[in-house]
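The structure under discussion appears below in the form of structure tokens.
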Amino acid sequence: MKSLFVARKGRLSFLYEKRSTLVVAISMLICIFSILLSLSMGQKYISIFKVIQILFDGSIGGDSLIVNTIRLPRTLVALFVGASLGLSGAILQGVVKNPLAAPNIIGITDSGSVGALIFLTLFTDPKNNALTTSIFYMPVFAFAGAFAAVLIVYLLAYKKGVTPYRLIMIGIAVAGAAKAITSILIINGPVVFIKEAQLWITGTIYGTNWTHVKLLLPWFLVLFVLTLIYTRELNIQNLDDGISVGLGSSVEKNRFLLMILSAALASGAVAVGGGISFVGLIAPHISRKLTNSSFGNVLPLSAVVGGIIVVISDIAARTMLFPLDLPVGIFTAGIGAPFFVYLLLKSQRALRRGF
Amino acid sequence: MNISTSNLTLGYGDFIVLKDINVTIPKNKVTILVGSNGCGKSTLLKTMARLLKPMSGKVVLGDMDIFQKPSKEIAKELAILTQSPDAPSDLTVFNLVKQGRYPYQSWFNQWSKEDENIVDYALEKTGLSDIRDKKLSELSGGQKQRVWIAMTLAQQTEIILLDEPTNHLDIKYKIEVLDLLKHLNQQENRTIVVVLHDINLACRYADHIIAIKDGKVYAEGDPKEIVTEKLINDVFDINAKIIECPLFKTPMCITYQNLTI
Ligand SMILES: Nc1ncnc2c1ncn2[C@@H]1O[C@H](COP(=O)(O)OP(=O)(O)OP(=O)(O)O)[C@@H](O)[C@H]1O
Ligand SMILES: [Mg+2]
């Protein structure tokens with residue numbers, strides 16, 4: 001019992017693993033540090049102490065303008081896009097019982113692209129290559145595309161309930177179809193559109209502002225809380241269906257609800273950040289390696305780790321080839337993958353099912 | 001709590017596996033299901049645990065059709081360990097065994113004193129206390145099997161159904177697991193139903209054997225009374241000579257294909 005911390009009062013009782021709780025706490029500190037770093041780096045370097053001062057004193061002036069109106073919203077978008085993707089991936093991997101699942105595998109990202117491209121197709125004026133409406137409506141289309149994909153996958157996979165295997169296979173098919181539609185739209189679209197579309201597909205948070213934060217933050221928080229409520233069910237989902245039913249869980253109902261949660265999180269992230277890849281796959285993996293497969297640990301940690309990956313990737317995207325501001329999606333894989341490989345090599349265990 | 005089946009017909013799609021099965025599992029006894037590969041033992045066990053809907057007929061648990069009962073209530077009365085289940089390898093022994101408490105928990109009550117005591121008991125009984133914090137990927141096949149058994153024990157049910165729980169186990173652990181089941185039956189009055197391939201161990205541990213053949217119950221009863229050379233020959237399609245086990249006085253089958261090797 002040394003490794004556990006139990007909180008009991010009356011009929012309430014909760015259980016925490018000490019080590020895992022510590023890991024979550026440490027990663028939150030790292031997360032805060034990466035946020036501060038992100039606020040301090042850029043065209044103009046602002047020391048971290050100054051950043052802290054600006055955040056807490058709200059002092060006015062040039063630096064505070066840079067931090068508060070440019071860097072802070074962008075960093076927060078990075079954080080919550082990453083957290084949403086990490087969390088979404090963790091849920092999905094549990095539901096389909098496969099650690100290789102990720103939001104983009106079942107077509108969420110590609111269908112989001114279709115939504116975004118439909119927006120560009122509909123609202124680009126081919127004469128002057130300009131948008132006829134505000135770019136702010138693009139996330140709405142992306143969201144609709146992404147979310148519709150999951151519903152389609154679920155409906156097509158449904159045959160007296162859905163099995164994880166069918167979900168994945170049909171998801172891959174839907175993703176493939178969405179990719180094809182994307183290509184058609186790009187090839188037939190106006191020229192400016194190609195760059196815009198490519199940026200979107202790679203994943204970028206360039207030019208995001210407080211409006212995006214205001215859209216994404218409440219969405220993430222509500223879904224995060226719902227996810228925490230469903231943690232127990234997710235732990236059960238991750239076992240064989242026979243065992244889950246035997247334990248008295250309503251397997252089908254919970255599978256549907258959790259799929260919707262995962263889809264809603266990923267769709268929100270895709271709507272704002274485009275097709276940022278790899279975070280949804282790697283963040284849950286890293287979390288499992290740092291703790292264990294119990295979702296009480298994996299869920300919060302995946303959100304934090306996902307956030308860290310995108311925030312740090314965004315720092316790299318903004319600063320590495322300055323003054324070029326590259327799409328953050330280029331770096332998420334570049335930063336997540338080596339760390340993951342390092343963890344794999346470090347834990348020299350037999351790589352059985354699903355490493 | 002009694003469990004029985006009435007006119008059960010089971011199958012997949014329109015493929016019928018078992019037809020008109022009427023069995024009553026003797027209360028507080030060890031019942032062992034035997035039969036050749038693919039004869040429908042797992043199918044029957046799964047249906048008795050509401051994992052599979054019958055084509056017709058019903059399973060009665062207590063005095064109710066099992067499919068009319070809330071699933072969580074059933075989980076407090078009946079536990080099932082399916083044949084070779086899979087689990088995420090980064091799960092620790094404790095993580096998995098504690099899931100056995102799921103039917104008793106709620107979001108507000110995730111780890112009562114009772115949960116703690118019972119999980120400790122389950123780990124203790126299966127000899128896993130020392131490795132409770134190890135990950136499943138670090139365990140041997142036999143240890144893993146015992147983790148699953150511990151999980152079903154943590155469910156604290158009167159009825160336990162186990163599908164080939166001795167799979168992967170070496171002879172020592174095989175005996176240990178069966179001894180454990182017998183102990184649970186004798187000391188704690190649990191009703192145990194096991195699918196087992198080893199007919200000799202089945203004869204030793206079973207109070208009641210159900211032999212399945214060609215979609216039907218071929219014979220059921222006390223192994224001393226029903227296990228004959230003809231039964232072995234019909235059910236397993238192999239010749240046998242039956243002698244009395246010198247230690248347990250139960251039937252012991254020496255099986256062979258031909259008398260010359
Ligand atoms: N999910 C399934 N879909 C279709 N057919 C199935 C399914 N599961 C089992 N069967 C078929 O039903 C029959 C009975 O299978 P079952 O698993 O109950 O056999 P068993 O007696 O447990 O065999 P074993 O000793 O090999 O475990 C077999 O012919 C098998 O092919
Ligand atoms: Mg079987």
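All chains are named by letter (A, B, ...) in the order of the sequence lines, taking the proteins before the strands, and each is independently numbered beginning at 1. Just so it is clear, the structure is predicted and the values come from calculations on it, not from any experiment.
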Heavy atoms of other groups near [X] [atom1], more than 12 under 6.0 Å:
X: Glu124(B); atom1: CD; result: no
X: Met55(B); atom1: CE; result: yes
X: Phe67(B); atom1: CZ; result: yes
X: Tyr154(A); atom1: OH; result: yes
X: Glu114(B); atom1: CD; result: no
X: Asn117(B); atom1: CG; result: yes
X: Tyr12(B); atom1: OH; result: yes
X: Lys69(B); atom1: NZ; result: yes

Inset, instruction - Anything in residues 151-164 of chain B with a heavy-atom distance to chain A below 4.5 Å? Please list those residues in order. - result: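 Only Met151(B), Gln155(B) of residues 151-164 of chain B have a heavy atom under 4.5 Å from chain A.
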Legend entry - chain A contact residues among residues 28-44 of chain B, heavy-atom distance under 4.5 Å: none
Of the backbone (N, CA, C, O) and the side chain (C-beta and beyond), which part of [X] lies under 4.5 Å from a heavy atom of chain A, both, or neither?
X: Leu52(B); result: neither
X: Glu73(B); result: neither
X: Leu91(B); result: both

Inset, instruction - Before giving the answer on side chain to side chain contact (heavy atoms under 4.5 Å, CB included), spell out for Lys113(B) and Val6(A) the whole-Å C-alpha distance, their side-chain angles and the decisive distance to 0.1 Å. - result: CA-CA 9 Å; Lys113(B) 190 74 197 156; Val6(A) 182; over 6 Å; no
Side chains of [X] and [Y]: does their closest heavy-atom pair fall under 4.5 Å?
X: Tyr102(B); Y: Asn235(A); result: no
X: Leu239(A); Y: Leu96(B); result: yes
X: Asn95(B); Y: Glu17(A); result: yes
X: Trp107(B); Y: Phe14(A); result: yes
X: Lys53(B); Y: Lys160(A); result: no

Legend entry - Candidate pair Tyr16(A) and Gln110(B), rule side chain to side chain donor-acceptor pair (under 3.5 Å), full reasoning: CA-CA 10 Å; Tyr16(A) 305 95; Gln110(B) 301 196 359; over 6 Å; no
Inset, instruction - Carefully, step by step, assess Gln99(B) and Arg232(A) under the rule side chain to side chain contact (heavy atoms under 4.5 Å, CB included). - result: CA-CA 9 Å; Gln99(B) 296 307 335; Arg232(A) 276 168 8 97; over 6 Å; no
Legend entry - Contacting region of Ser249(A) [heavy-atom separation from chain B under 4.5 Å]: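 Ser249(A) touches chain B through backbone and side-chain heavy atoms alike.
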Heavy-atom closest contact ([X] atom, [Y] atom, distance):
X: Asp133(B); Y: Ser3(A); result: OD2-OG, 3.5 Å
X: Ile243(A); Y: Thr82(B); result: CD1-OG1, 3.7 Å
X: Ser293(A); Y: Pro88(B); result: OG-CB, 3.9 Å

Inset, instruction - To the nearest 0.5 Å, tell me how far Arg8(A) CZ sits from Asp115(B) CG. - result: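 CG of Asp115(B) is found 7.5 Å from CZ of Arg8(A).
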Legend entry - Point-to-point distance, once rounded to the nearest 0.5 Å, from OG of Ser89(B) to CG of Asn292(A):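 Here the interatomic distance stands at 11.0 Å.
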Inset, instruction - For chain B, find which of Leu12(A), Leu247(A), Leu228(A) contributes the most heavy-atom pairs closer than 4.5 angstrom. - result: Leu247(A)
Legend entry - Donor-acceptor pair between Asn109(B) and Ser13(A) side chains, under 3.5 angstrom: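 Asn109(B) vs Ser13(A): donor-acceptor pair found between side chains.
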